[in-house]
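Reviewing the structure listed below.
We use all heavy atoms of the structure for the numbers below, so side chains are in, but hydrogens, waters and symmetry mates are not. Everything quoted here is computed from the prediction, not taken from an experiment. Order of listing sets the numbers, starting from 1, for every ligand and every atom in it.
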Amino acid sequence: MITAIRPVPAAVTVRVPAKVNLQLAVGSVRDDGYHPLVTVFHAVSLSDEVTVRPAPRMALTVTGEDADAVPTDRSNLAWRAAIALAKAAGVRGADAAVRIEIRKRIPVAAGLAGGSGDGAATLVACNELWQAGLSQRDLAEVAAALGSDVPFSLMGGTAVGRGRGEQLTPALVAGSYHWALAFGRAGLPTTQVYATFDRLRATRTAAGATQSAEPSLSTELMTALRSGDPERVGPLLMNDLQPAALSMEPDLRRTLTAGREHGALGAIVSGSGPTCAFLATDAAHARELAVLLTGAGVCRAAVRASGPVPGATVVRDGGRS
Ligand code: C5P
């Protein structure tokens, strides 16, 4: 039997998608501070790229969208991902030092899982660079310890997330969906949006409203996604964090209204916001929506994207024998 010897790469580049939540149902806060979720994650074609290469010591650089807002030390999830993967793979000392280069197109603190994506991309890139051979399941375990959205950034596609979002089941989806994504003028910290969610919920409860602590999956949305018909999917998009994001950024109401007025089939805050995601009828409509939203001055910028797309994927693997 001939065994192929793979050359050790000099550098590995991984592309990782942004996500939007087609449904985000949030329950009451748990004892550990996290909220139980049922969510439908959907990976879209807006992406970051992460390159890792061996280096004398750990280093991290960031270029592109919002680069100034991204930490370049061990508080960066990508840095923590490299350390976590080295530990899981038994890579030690100087061998575990890498230079991480992040090229961002996904805005920061935008509700699009950009930081989680960079963490997921670093896991895949280091696994390849060190030829560590960790399975998808091993990587998912390391990912879950890094953050709630990191496992989905690895998996991509469309998937139902439970627990705090890290327990994933791939979802059956027909066709592709075209989106316009409108970026907010400033980021919204996820922790603060959840805290606002808790306050709003407590106020409603005090006013006598009954609410279920158990979030549940929308079977109507899942059926619509299997039909591949965006006209059916649009009205079923929902996000329990949206009232919290809107109370923190009231201007987002204008953004959502502008998208609806321009024919969006669904208009929703993505995750904890402030990005607003608009479902379009087709690719041309998504482009038109992005142009109109930018022109209307209701967002910092708007781009089009489509989904579902794969999760973190090696795109370049610079060989060296
Ligand atoms: O898991 P991750 O570090 O990405 O979460 C960031 C913050 O978002 C948490 O510290 C928590 O405040 C909030 N969160 C939550 N419930 C979840 C996921 C995140 O409260 N299911």
Side-chain angles (χ1 to χ4, degrees), residues 16-43 48 50 66 69-71 73-85 102 104 106-123 139-156 159-169 184 187-202 211-217 238-245 247-249 269-275 311-312:
V16 69
K19 62 84 190 161
V20 294
N21 301 79
L22 308 182
Q23 182 193 3
L24 180 49
V26 184
S28 298
V29 65
R30 307 189 311 204
D31 289 343
D32 64 1
Y34 283 92
H35 294 72
L37 305 180
V38 173
T39 186
V40 181
F41 288 115
H42 180 72
D48 280 359
V50 175
D66 288 347
V70 182
D73 57 15
R74 64 180 56 237
S75 67
N76 189 302
L77 205 53
W79 186 305
R80 299 207 320 259
I83 289 172
L85 193 83
I102 304 176
K104 292 207 68 66
I106 308 173
V108 173
L112 295 168
S116 301
D118 298 340
T122 305
L123 292 179
L139 289 179
E141 209 169 289
V142 180
L146 287 170
S148 307
D149 290 343
V150 185
F152 178 71
S153 299
L154 282 179
M155 179 186 267
V160 176
R162 296 178 197 274
R164 57 186 174 90
E166 86 287 16
Q167 298 162 20
L168 298 174
T169 317
L188 277 180
T190 309
T191 312
Q192 287 179 29
V193 177
Y194 274 102
T196 306
F197 168 87
D198 289 339
R199 273 200 303 279
L200 292 178
R201 175 164 281 206
Q211 36 214 356
S212 157
E214 287 300 316
S216 65
L217 183 64
M238 64 183 104
N239 179 1
D240 281 354
L241 290 183
Q242 185 160 308
S247 81
M248 293 169 76
E249 277 296 336
V269 170
S270 175
S272 54
T275 303

For Asp31, salt bridge (charged side-chain N to carboxylate O under 4.0 Å, His left out) partners two or more places apart: none
Inter-residue atom distance Arg162.CZ - Leu217.CG, 0.5 Å rounding: 5.5 Å
CD/Gln167: more than 12 non-hydrogen atoms of other groups inside 6.0 Å: yes
Reported OG1-to-CG distance for the pair Thr122 and Leu77, which is rounded to 0.5 angstrom: 8.0 Å
Thr275 side chain to Ser270 backbone, donor-acceptor under 3.5 Å: no
Parallel, tilted or perpendicular, as decided by the 30° and 60° cut-offs, for the rings of Phe152 and Phe41: parallel
Contact residues of ligand 1 (heavy atom under 4.0 Å), by chain and number: Gly33, Tyr34, His35, Leu37, Gly147, Ser148, Arg164, Thr190, Thr191, Tyr194
